[in-house]
J.: 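If you scroll down you'll find the structure; I have some questions about it.
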Amino acid sequence: MNNNSPLLSLKNISKNFGAICALEDVSFDIFRGEVVALLGDNGAGKSTLVKIIAGGMAATHGQIFFEGRQVNFNSPAEAKSTGIETVYQDLSLCTNVDVVANFFMGRELVKRVCGIPVLNEREMYSVVEQALQSAGTAIPSLRTNVEHLSGGQRQAIELNRFVHWGGKLVLLDEPFAALGVEQTRRGLAMIRRIAAQGIGIVVITHIMSQAFQVADRMVVMRQGKIAGMVRCTDTSPDEVVRLITGDAV
Ligand SMILES: Nc1ncnc2c1ncn2[C@@H]1O[C@H](COP(=O)(O)OP(=O)(O)O)[C@@H](O)[C@H]1O
Ligand SMILES: [Mg+2]
């Protein structure tokens, strides 16, 4: 597997809901270290596509290749164990436990005291501290229950957890919808830092300026089809709007 081969390849993905054709013949690649913005009007098929990539829904036709191998996920858990995950703000954290517990969630470190397994709290704390520090994420106290943290901090915890546990491709559906200006700025910077570690990132957003700030490429969908794929450095907001709406120049 060489480094220039795609991390993820979608080949002719179609999805029908009864008579509705939500996706038709969608093909594109995502590479390691790349941020791809997925744009399109309401109903264009963005969320459906993301669900299919992350194992939440099966395609009607088409194939998905991940790291060169064809995959057929039957559940989000299967996709996750392969390294593909959707991060939905808030939904995947347990708000009534602290940052450290959330970071481990099912992967707790255990030590034996007099032969009895107990949580290795100190080691867990330092693992989380190190992970967040190296990602440039400041959380005042790792012993704070997540319910007391801001949306931006929760997002940072989820994304850093994903990276720490070997995630390879992360899908973000409107990640900044509930965040303020400063939190969004930090979130965009964090996405770039995560991509720089060789992770592939797909961001659904309808805010064009965010797409231009964070993405390397834009994939524009219209009525279930790919309307265009452009490099951010080779396009303009006007061109992207035309791709989204389908209006002629
Ligand atoms: N579970 C479903 N059942 C029936 N139709 C659906 C379902 N999910 C999505 N659709 C339809 O598929 C199309 C694409 O929807 P969606 O992927 O949510 O678009 P977007 O995220 O771009 O707004 C729309 O016409 C929508 O009504
Ligand atoms: Mg959607």
Side-chain angles (χ1 to χ4, degrees), residues 8-30 34-64 66 71-80 84-92 151 154-155 158-159 162 169-179 183-184 187-188 191 200-230 232 235 237-247:
L8 182 87
S9 274
L10 303 177
K11 307 253 191 231
N12 313 104
I13 298 289
S14 299
K15 177 71 184 179
N16 301 323
F17 295 105
I20 298 171
C21 182
L23 296 173
E24 190 180 339
D25 224 10
V26 170
S27 300
F28 66 89
D29 295 335
I30 297 165
E34 185 179 43
V35 181
V36 173
L38 193 56
L39 294 126
D41 212 343
N42 282 341
K46 307 178 297 295
S47 296
T48 303
L49 185 61
V50 160
K51 282 179 200 153
I52 288 172
I53 296 171
M57 195 181 262
T60 311
H61 299 289
Q63 292 102 40
I64 302 176
F66 188 65
V71 290
N72 230 323
F73 302 129
N74 292 307
S75 68
E78 275 186 34
K80 187 173 171 176
I84 302 178
E85 208 170 319
T86 308
V87 169
Y88 293 104
Q89 198 177 327
D90 280 8
L91 290 183
S92 69
R154 293 178 195 202
Q155 194 172 65
E158 294 193 75
L159 281 170
F162 162 83
L169 176 71
V170 65
L171 308 157
L172 305 165
D173 196 343
E174 297 283 358
F176 308 118
L179 301 189
Q183 289 188 349
T184 298
L188 289 165
I191 286 176
I201 303 181
V202 178
V203 185
I204 294 181
T205 174
H206 66 275
I207 302 173
M208 184 101 49
S209 60
Q210 289 180 359
F212 271 96
Q213 272 178 72
V214 78
D216 300 296
R217 276 195 303 142
M218 300 187 190
V219 173
V220 182
M221 299 185 63
R222 187 168 69 241
Q223 295 172 357
K225 298 189 192 125
I226 304 255
M229 286 191 253
V230 285
C232 291
T235 190
D238 284 349
E239 185 191 15
V240 177
V241 169
R242 281 195 296 275
L243 290 171
I244 291 171
T245 60
D247 292 341

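All figures in this text were calculated on a predicted structure; none of them were measured in a lab. The first residue of the sequence shown is numbered 1, and numbering continues consecutively from there. One-based numbering, in listed order, for ligands and for the atoms of each.
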J.: Between I52 and V26, is any pair of side-chain heavy atoms under 4.5 Å apart?
T.: no

J.: Who's the nearest protein heavy-atom neighbour of atom 6 (C) of ligand 1, and how far?
T.: F17 CD1, 3.3 Å

J.: Would you say N42 and ligand 1 have an N/O pair spaced under 3.5 Å apart?
T.: no

J.: Please check if a non-hydrogen protein atom sits closer than 4.0 Å to atom 26 (C) of ligand 1.
T.: no

J.: Is there a side-chain hydrogen bond (donor to acceptor under 3.5 Å, both in side chains) between S14 and D25 once you walk through the steps?
T.: CA-CA 5 Å; S14 299; D25 224 10; 5.0 Å; no

J.: Among all the protein's non-hydrogen atoms, which is closest to atom 12 (O) of ligand 1, and how far away is it?
T.: A22 CB, 3.2 Å

J.: Which protein heavy atom lies closest to atom 18 (O) of ligand 1, and at what distance to 0.1 Å?
T.: S47 CB, 3.9 Å

J.: Crowded around Q223 CD? As in, over 12 foreign heavy atoms under 6.0 Å?
T.: no

J.: Can you tell me the protein heavy atom closest to atom 24 (C) of ligand 1 and the distance?
T.: G43 O, 3.8 Å

J.: With respect to the Mg ion (ligand 2), please indicate if S47 possesses an N, O or S atom at a distance under 2.8 Å.
T.: yes

J.: Return the CG to CD distance between L169 and E34, rounded to the nearest 0.5 Å.
T.: 10.5 Å

J.: Give the numbers and elements of all ligand 1 atoms closer than 4.0 Å to a heavy atom of A44.
T.: 19 (O), 20 (P), 22 (O)

J.: If you define the side chain from C-beta out and look only at heavy atoms, does anything of D41 sit under 4.5 Å from T245?
T.: no

J.: Nearest heavy-atom pair of A54 and L171: which atoms, and what distance?
T.: CB-CD1, 3.5 Å

J.: To check your reading of the model: name the closest protein heavy atom to atom 15 (O) of ligand 1, its residue, and the distance in Å.
T.: T48 OG1, 3.8 Å

J.: Please determine if G45 has a nitrogen or oxygen closer than 3.5 Å to a nitrogen or oxygen of ligand 1.
T.: yes

J.: Evaluate side-chain hydrogen bond (donor to acceptor under 3.5 Å, both in side chains) for S47 paired with D173, printing each intermediate quantity in order.
T.: CA-CA 7 Å; S47 296; D173 196 343; 3.0 Å; yes

J.: Considering only heavy atoms, does D41 approach ligand 1 within less than 4.0 Å through its side chain, its backbone, both, or neither?
T.: backbone

J.: Polar contacts were defined as any N/O atom of the residue lying under 3.5 Å from an N/O atom of the ligand; does this apply to L49 and ligand 1?
T.: no

J.: Quick one, V214 and T205 - any side-chain contact, counting heavy atoms below 4.5 Å?
T.: no

